[in-house]
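The figures here come from the full heavy-atom set of this structure, side chains too, leaving out hydrogens, waters and symmetry mates. Index from 1, following the sequence.
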Amino acid sequence: MSYETLLQKQFRFTRLTVLLLSWAHDHGYELTEGDGYRDPRVFGPIGTRRGYGESNSAHKHRLAHDWNLFRDGVYLTSTEDHRPLGEFWESLGGTWGGRFQDGNHYSIEHNGIA
C-alpha cells in the first residue's frame, strides 16, 4: 500500500469498521460501543498518559475502537471470544488487539502505534 496520510487512514478505518460490524452481524454477533476517540484534553496529547490507556494510542489518532461483543444476549469478554472478528479485521488490513492482550481492540497502525 502506498503512503497514506492520517486523514486517509481515518477514512479507511471508518470504511473497514462498517465491514467489521456487518460481518459480525452476519455471523450472529452484536456489538456496542466501548472506547473510541480519546480526546487529548482528557487523556493528554500523544506521548502523555492521563487517566487510563496508553500514552501512545491509536485511539488518540481516531484509528482505534474497543467493541463490546455479544452473542445470544450474552456479553463476551475474553480475547478468544473476539478471535473470529479479530482475524476478519486483520484480513482487511487492520490490527487486532488480541495479539497483545487487548482482545476487544480494533485499530489501524499509524507511525508504529496500533
Side-chain angles (χ1 to χ4, degrees):
M1 181 175 295
S2 63
Y3 174 79
E4 288 179 290
T5 66
L6 175 58
L7 182 60
Q8 289 168 327
K9 286 182 180 182
Q10 290 168 337
F11 290 154
R12 182 164 58 94
F13 178 72
T14 301
R15 290 190 307 272
L16 295 182
T17 297
V18 171
L19 297 176
L20 176 69
L21 297 176
S22 179
W23 187 93
H25 178 76
D26 291 347
H27 288 83
Y29 297 97
E30 294 293 341
L31 292 96
T32 63
E33 285 190 271
D35 196 13
Y37 176 57
R38 293 188 185 153
D39 191 320
R41 295 171 294 182
V42 176
F43 294 99
I46 297 292
T48 301
R49 182 177 181 164
R50 190 179 308 149
Y52 67 89
E54 298 295 323
S55 60
N56 292 316
S57 170
H59 290 275
K60 292 181 178 184
H61 289 291
R62 299 179 193 263
L63 290 175
H65 208 99
D66 296 341
W67 292 104
N68 301 318
L69 182 63
F70 296 83
R71 186 169 217 158
D72 300 321
V74 176
Y75 180 36
L76 306 173
T77 60
S78 78
T79 293
E80 283 306 306
D81 292 331
H82 280 265
R83 182 171 299 282
L85 283 76
E87 291 178 350
F88 176 73
W89 181 252
E90 290 174 328
S91 79
L92 298 174
T95 300
W96 173 48
R99 305 297 180 196
F100 46 88
Q101 282 60 59
D102 194 4
N104 71 335
H105 176 89
Y106 299 79
S107 63
I108 291 179
E109 180 276 332
H110 181 69
N111 292 340
I113 299 170

Apply ring-ring contact (aromatic ring centres under 6.0 Å, His included) to the pair Trp89 and Phe13, showing each step before the final yes or no.
CA-CA 11 Å; Trp89 181 252; Phe13 178 72; 5.8 Å; yes

Got a second to check how far His59's NE2 is from His65's NE2, nearest 0.5 Å?
8.0 Å

Look up atom CZ in Arg15 and atom CG in Leu20, then write down how far apart they are to the nearest 0.5 Å.
15.0 Å

Side-chain donor-acceptor contacts of residues 93-100 below 3.5 Å, not counting sequence neighbours, with atom names and distances?
| residue | atom | partner | partner atom | Å |
| --- | --- | --- | --- | --- |
| Trp96 | NE1 | Gly103 | O | 2.8 |
| Arg99 | NE | Glu90 | OE2 | 2.8 |
| Arg99 | NH2 | Glu90 | OE1 | 2.7 |

Let's go through His61 and Ile113 carefully: what are the C-alpha distance in whole Å and the side-chain angles of both, what is the deciding distance for side-chain contact (heavy atoms from CB on, under 4.5 Å) to 0.1 Å, and is it a yes or a no?
CA-CA 9 Å; His61 289 291; Ile113 299 170; 4.0 Å; yes

Walk me through whether Trp67 and Leu85 qualify under side-chain contact (heavy atoms from CB on, under 4.5 Å).
CA-CA 10 Å; Trp67 292 104; Leu85 283 76; over 6 Å; no

One pair to check against side-chain contact (heavy atoms from CB on, under 4.5 Å): Glu109 and Lys9. What are the steps and the verdict?
CA-CA 9 Å; Glu109 180 276 332; Lys9 286 182 180 182; 3.9 Å; yes

Taking Ala114's backbone N and O only, do any of them form a donor-acceptor pair with Ser107's side chain (distance below 3.5 Å, no angle check)?
yes

side-chain contact (heavy atoms from CB on, under 4.5 Å) between Thr32 and Tyr75: does it pass, once the steps are laid out?
CA-CA 10 Å; Thr32 63; Tyr75 180 36; over 6 Å; no

Determine yes or no for a side-chain-to-main-chain donor-acceptor pair under 3.5 angstrom, with Asn68 supplying the side chain and Leu31 the backbone.
no

Atom pairs and distances, donor-acceptor, side-chain atoms in residues 21-29, under 3.5 Å, two or more places apart:
| residue | atom | partner | partner atom | Å |
| --- | --- | --- | --- | --- |
| His25 | ND1 | Glu30 | OE2 | 3.1 |
| His27 | ND1 | Trp23 | O | 2.8 |
| Tyr29 | OH | Arg71 | NH1 | 3.1 |

Spacing of OG1 belonging to Thr14 relative to CG belonging to Leu19, to within rounding of 0.5 Å:
11.5 Å

With rounding to the nearest 0.5 Å, note down the distance linking CZ in Arg83 to CG in Leu76.
14.5 Å

What distance do Gln10 atom CD and His110 atom NE2 have between them, rounded to the nearest 0.5 Å?
8.0 Å

Would you name the heavy atoms of Arg12 and Ile108 that are closest together and state the gap between them?
NH2-CG2, 3.6 Å

Roughly how far, to the nearest 0.5 Å, is the CG atom of Asn111 from the CG atom of Leu6?
8.0 Å

